[in-house]
Amino acid sequence: MKIDYKNYSHISFDLWLTLIKSNPEFKKKRNLLFRDFFEVNSPIEKVNEVVRYYDVLCNNINEKTGLNLSTYEIYYLILNALDVDLHANGVERLGEFYQETERLFFDYKPDLIFPDIKLQFEEMVAQGKSINILSNTGFIKGKSLRKLLAHYELTDSISFQIYSDEVGFSKPNNEIFQLVFDQVKSSKKVQKNEILHIGDNSIADYNGARNFGFEAHLLKI
C-alpha cells in the first residue's frame with residue numbers, strides 16, 4: 001500500500017476490499033448452508049440470486065439512509081423472498097444460523113489484500129500515528145470481524161474498531177465519522193484534516209470522509 005501518511009496524525013481504514021477480500025468459497029458454502037438450515041424449497045441457483053439481490057440492496061439502503069439494517073433483518077428479507085415461514089424462524093434460530101455461518105467464515109477466512117499490512121501498521125504506530133477500523137457490515141457482524149483481525153495479529157496496532165451493526169450508523173453518515181473523531185480526540189489533540197480515511201468505496205469512504213472534514217484516499221485495488 002503506497003500512501004503518504006507523513007502529514008497525518010491518525011489513519012482510519014475501511015475493511016472489506018481495503019484490507020481484506022472474501023474467500024471465493026465462503027459465499028458458495030454459506031448459501032448452501034442457508035438453503036439446508038432453513039429447509040428452503042428452491043434450487044441453489046435461486047438462493048444465490050436472492051441472497052445476492054438483498055446483499056446489494058441492503059448495502060445501498062444503508063448508504064442512502066446512513067443507518068444500519070441488521071444481519072437478522074437481511075435474513076428475514078431473504079427468507080420471505082424464498083417463501084420460508086418467518087414464524088417458524090425466531091430470532092433464536094437466526095442466532096443459531098449465525099453461529100454456523102461464523103464457523104464457516106473462519107473455515108474459509110478472508111485473505112489479507114496486503115500481506116505485509118501487519119508490518120505497515122507497526123511502522124505507522126512507531127512513527128506516533130494511531131489507527132482505527134471503520135466498516136459497514138451486512139452478513140458478517142463486527143464481533144466476527146474483530147476475531148478475524150485478532151487472528152491476523154493486527155489488533156495490537158489498532159486503537160479502536162467501529163462497525164455499523166454495533167453503532168447503528170453506516171458510512172457515509174456524518175454520525176459514524178463523528179464517532180471516529182470523538183474517539184481520536186479522547187487520546188490526542190487533533191484536527192479533522194489531520195485524519196486520513198482510506199477505503200475503496202467512493203460514496204461511503206471517500207465522499208463520506210471528505211464531507212465530514214477528514215482527508216480521504218480512494219483505494220483502487
Closer than 4.0 angstrom, basic N to acidic O: yes or no for Asp14 and Lys171?
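Answer for the salt bridge query: yes.
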Arg146 bridged to Glu166 by N-O distance under 4.0 Å:
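Result for this pair is yes, salt bridge flagged.
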Are side-chain heavy atoms of [X] and [Y] found at a separation under 4.5 Å?
X      : Y      : answer
Phe212 : Pro172 : no
Ser164 : Asn62  : no
Ile3   : Leu196 : yes
Lys143 : Tyr98  : yes
Pro110 : Phe26  : no
Phe13  : Leu154 : no
Ile198 : Tyr5   : yes
Ile117 : Phe121 : yes

With a 3.5 Å cut-off and no angle check, do the side chains of Lys27 and Ser22 form a donor-acceptor pair?
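On atom types as modelled, these side chains do not qualify, holding no pair under 3.5 Å.
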For Asp116 and Gln120, test the side chains for any donor-to-acceptor distance below 3.5 angstrom and give the result as yes or no.
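Per modelled atom types, Asp116 and Gln120 side chains form a pair under 3.5 Å.
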Testing Glu25, Arg30, Gln99 for side chain to side chain contact (heavy atoms under 4.5 Å, CB included) with Leu104, which one passes?
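Looking at Glu25, Arg30, Gln99, the match for Leu104 under the side chain to side chain contact (heavy atoms under 4.5 Å, CB included) is Arg30.
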Looking at [X], I'd like to know if its [atom1] atom is crowded, meaning that more than 12 non-hydrogen atoms belonging to other residues, nucleotides or ligands lie closer than 6.0 Å.
X      : atom1 : result
Phe106 : CZ    : yes
Lys64  : NZ    : no
Lys29  : NZ    : no

Determine yes or no for a side-chain-to-main-chain donor-acceptor pair under 3.5 angstrom, with [X] supplying the side chain and [Y] the backbone.
X      : Y      : answer
Tyr75  : Val91  : no
Asp4   : Lys6   : yes
Lys188 : His10  : no
Asp55  : Val51  : no
Lys129 : Ile11  : no
Ser187 : Val184 : yes

Measure across Ala209 and Phe177 and return the closest heavy-atom pair with its distance rounded to 0.1 Å.
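Heavy-atom minimum between the residues: N-CZ, 3.5 Å.
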For residues Tyr72 and Tyr76, establish whether the separation of their ring centroids is below 6.0 Å.
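They do not qualify: ring centres at least 6.0 Å apart.
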Only one of Asn201, Asn136, Asn173 forms a side-chain hydrogen bond (donor to acceptor under 3.5 Å, both in side chains) with Glu63, so which one is it?
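Considering Asn201, Asn136, Asn173, a side-chain hydrogen bond (donor to acceptor under 3.5 Å, both in side chains) with Glu63 is found only for Asn201.
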Do Asp111 and Ile20 pass the side-chain contact (heavy atoms from CB on, under 4.5 Å) test, and can you show the C-alpha distance, the side-chain angles, and the key distance before you say yes or no?
CA-CA 6 Å; Asp111 297 316; Ile20 61 173; over 6 Å; no
Cation over ring, Arg93 on Phe37, under 6.0 Å and within 45°?
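Yes, Arg93 sits over the ring of Phe37.
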